[in-house]
Amino acid sequence: MIGNVILVDIALFAILLAAALGIAHTRSLYSAAMLAGLFSLTCASLFVVQDAVDVAFTEAAVGAGMSTVLFLGTLALTHSRERVTPPTRRVPALLVAVGTGVLLIYASLDLPPYADPANPVQQHPLTERYLQTSQQEIGVPNVVTAVLASYRGFDTLGEVAVIFTAGVAVLMLLGRLRGNAAGSPGTAPAGGLQGEHRVLRVVAKLLMPFILLFALYVQFHGDFGPGGGFQAGVIFAAGIVLYTLVFGLGHARAVVTPGILRMLLPLGLLLYAGVGVATLLLGGAFLDYNALSPQDPVQGQHLGILLVEAGVGITVAAAMILLFYAFAGRGARS
Amino acid sequence: MWLALALAVLTTMALALARALLGPTLYDRILAINLFGTKTVLFIAVAGFMAGRPEFLDIALVYALINFIGTVAVLKLSHYGEFSRAEELQGDDL
Amino acid sequence: MTVVLVASWALITAGAVLALTGALGLFRLPDFYTRTHAASITDSAGASLLLLGLLLQAESFAVGIRLLLIMLFLLFTSPTAAHALAQAALKDGLKPVLGRAARR
Amino acid sequence: MIASGYNYWMAMALLIVGLYILMSHANMVKKLLGLSVFQMAVFMLYISLGKVRFGTAPILDSSITVYSHPLPHVLILTAIVVGIATTALGLALVVRIHEAYGTTDEDEALALDRKPDAP
């Protein structure tokens, strides 16, 4: 059994290493960006093999849906070829990298053996709490969701705040469109794929409702299977990205207007923090969902997780769509 | 049995990666990466069965839906900028 | 039960062989357009057969419906992507390799 | 017993490649790509630490007794989404630098700065 996993692990790692070296070697930045997409696909496969299904889910949605698109969008706005890297840059970098590697390998000798059930992590009382007691305390089968939204809810609030801040910062940098550059459909580059890509447009139209529906399913099914607000937000945004790519920025902005998105971006964060304030007012600690339903704490936990995950989903989706609009909008102007 | 299947799918992925690295044109790379994505969907499905918990097919499902976006993005963004010039494609060295 | 299992593994094997052939074709064929054949045709057939094989081993409705949906989406997206790519390449002026040059 | 750390070493090897890309290349988009490789390597290291032999995903089911540790999953899940948000910020900066200097190359931009009539 463990032998199987080693073989699969090593095969995946070989693919990852080849892709990473390919990124280092190629001078065409388009190729490098696409290889990075491939790299993240393989990483997600590795996460599945290592039991981290929720992480794989997030990586799948982010790596395939958003990250590649943002890199390609940037390249479309800038240069897509790289200069030849001179040896004066290569040699010191190689030395530092190899030195770091040696130090890391040396440090890894002190790490506990891989996947050993006797590891300190597995023996820690917190593991017992998460995997056993959480069923009585929270009653959500997906422990990752329980830890994310409830036990470590305060941490997650901080993460959502970071996403919000990054979204605002990108909007400040790339700003809104000036004048009439909003991209009437058909004008490259902000326009859609016209004429020649009829098949693509029909299939994209067919796929769109499924992507959005699937995002909602992921949002609300996160208690029972892999999924939750982060994944759902990114998948929803990916659906809108597909629509924008195929039908043009003008059409997309008419359907999902930036004004609404700019309201939703802080709204999700406020919803999250608002749940915390509500629990404070009801006499509990900040983000202590038991206070939401004192007679039946598990019910309170369920309500709290639902609201908090909704907040996460709203902010992440709004942030991702706004990020993409910002890059696509720059293309329309220049 | 499952292991053999997983390794077969991984071999397919490795061959696709080889084509993605070799090129020679950017279209070859896009094609190879598209194939790689489909094979990742299969690998995740197989890995779910291999681990005895096939209910995690949601991840494969999200790939099947979203892998398409990457290809569309390359096609869309290739229609302006330096990318669409034929000599750029032909002369793309690795 | 065993009949289903044998049928399932037969389908899975066929799918895996097709997928491998497709990847080999992608690796060996001379130019982009021929590679599109190898990638898209064997890819959609290989993936569908493999997923059908898995479907026969699905224990619950939830697993089965997901496998069916994956198959459906792959059947839609994979040929579309190949078609759009080939069309874009042709528009871009990428010439197919013809005649003797193709028989390297 | 030495081989018991193979998974950590794989993550570390990728980390080194990421670090090398980040330091050696002057192109800022390439730097960000290297940064994301580096980031993924760190994520892999974390996930490796939570894995248990014969364990399975921490989604509870009455028929299963051994689960991998959920805590690294939680940390990395949020880190991935934060990672893409910060990468997007970096890319936005690259776009602005390109608008101001006409290049995405670090060395060229710095050379322009050193000239007396810098933009």
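Just so it is clear, the structure is predicted and the values come from calculations on it, not from any experiment. Throughout, a chain's letter reflects where its sequence line sits, starting with A, and its residues are numbered from 1.
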- Quick one: what part of A:S40 sits under 4.5 Å from any heavy atom of chain B, side chain, backbone, both or neither? backbone

- Query: So, for A:A238 and B:I69, which heavy atoms are closest and what is the spacing to 0.1 Å?
  - Reply: O-CD1, 3.2 Å

- Rounded to the nearest 0.5 Å, how far does CG of B:L65 lie from CD1 of A:I235? 8.0 Å

- Segment of A:V49 engaging chain B (4.5 angstrom heavy-atom cut-off): side chain

- Query: Do other residues, nucleotides or ligands put more than 12 heavy atoms under 6.0 Å from A:Y217 OH?
  - Reply: yes

- Query: What is the minimum heavy-atom distance between A:G22 and B:L21, and which atoms define it?
  - Reply: CA-CD2, 3.7 Å

- Considering only heavy atoms from C-beta outward, does the side chain of B:V74 approach that of A:Y30 to under 4.5 Å? no

- Note on the structure: Of the listed A:A33, A:A11, A:S45, the one with the largest count of heavy-atom pairs under 4.5 Å with chain B is A:S45

- Item | CE on A:M34 to OG1 on B:T71, rounded to 0.5 Å | 9.5 Å

- Task: Answer yes or no: is there a side-chain heavy-atom contact under 4.5 Å between B:F43 and A:V8?
- Result: yes

- Query: How many angstroms lie between OG in A:S31 and CD1 in B:I33, if you round to the nearest 0.5 Å?
  - Reply: 7.5 Å

- Task: Check each atom of A:V69 against the heavy atoms of chain B and say whether the ones under 4.5 Å are side chain, backbone, both or neither.
- Result: both

- Query: When rounded to the nearest 0.5 angstrom, what distance separates NZ in B:K39 from CG in A:L41?
  - Reply: 13.0 Å

- Residue from A:L21, A:I15, A:L72, A:L38 scoring the most non-hydrogen pairs under 4.5 Å with chain B is A:L38

- Smallest separation among heavy atoms of A:A61 and B:I66, with atom names: CA-CD1, 4.3 Å

- Message: Could you go through B:L61 and A:F210, starting from their C-alpha distance and side-chain angles, then the distance that decides it, and tell me whether this counts as side chain to side chain contact (heavy atoms under 4.5 Å, CB included)?
- Response: CA-CA 11 Å; B:L61 192 55; A:F210 285 105; over 6 Å; no

- Message: Quick check: do A:I211 and B:V62 have side-chain heavy atoms less than 4.5 Å from each other?
- Response: no

- Query: Looking only at heavy atoms, what is the nearest atom pair of A:L245 and B:V72, with distance?
  - Reply: CB-CG1, 4.0 Å

- Under 4.5 Å to a heavy atom of chain A? For B:L10 that would be both

- Item | Validation row: B:F36, A:T42 side chains within 4.5 angstrom (heavy atoms) | yes

- Query: Which atoms form the tightest heavy-atom contact between A:F214 and B:D58, and what is the distance?
  - Reply: CZ-O, 3.7 Å

- On a heavy-atom basis, the closest approach of A:A44 and B:Y63 is CB-OH, 2.9 Å

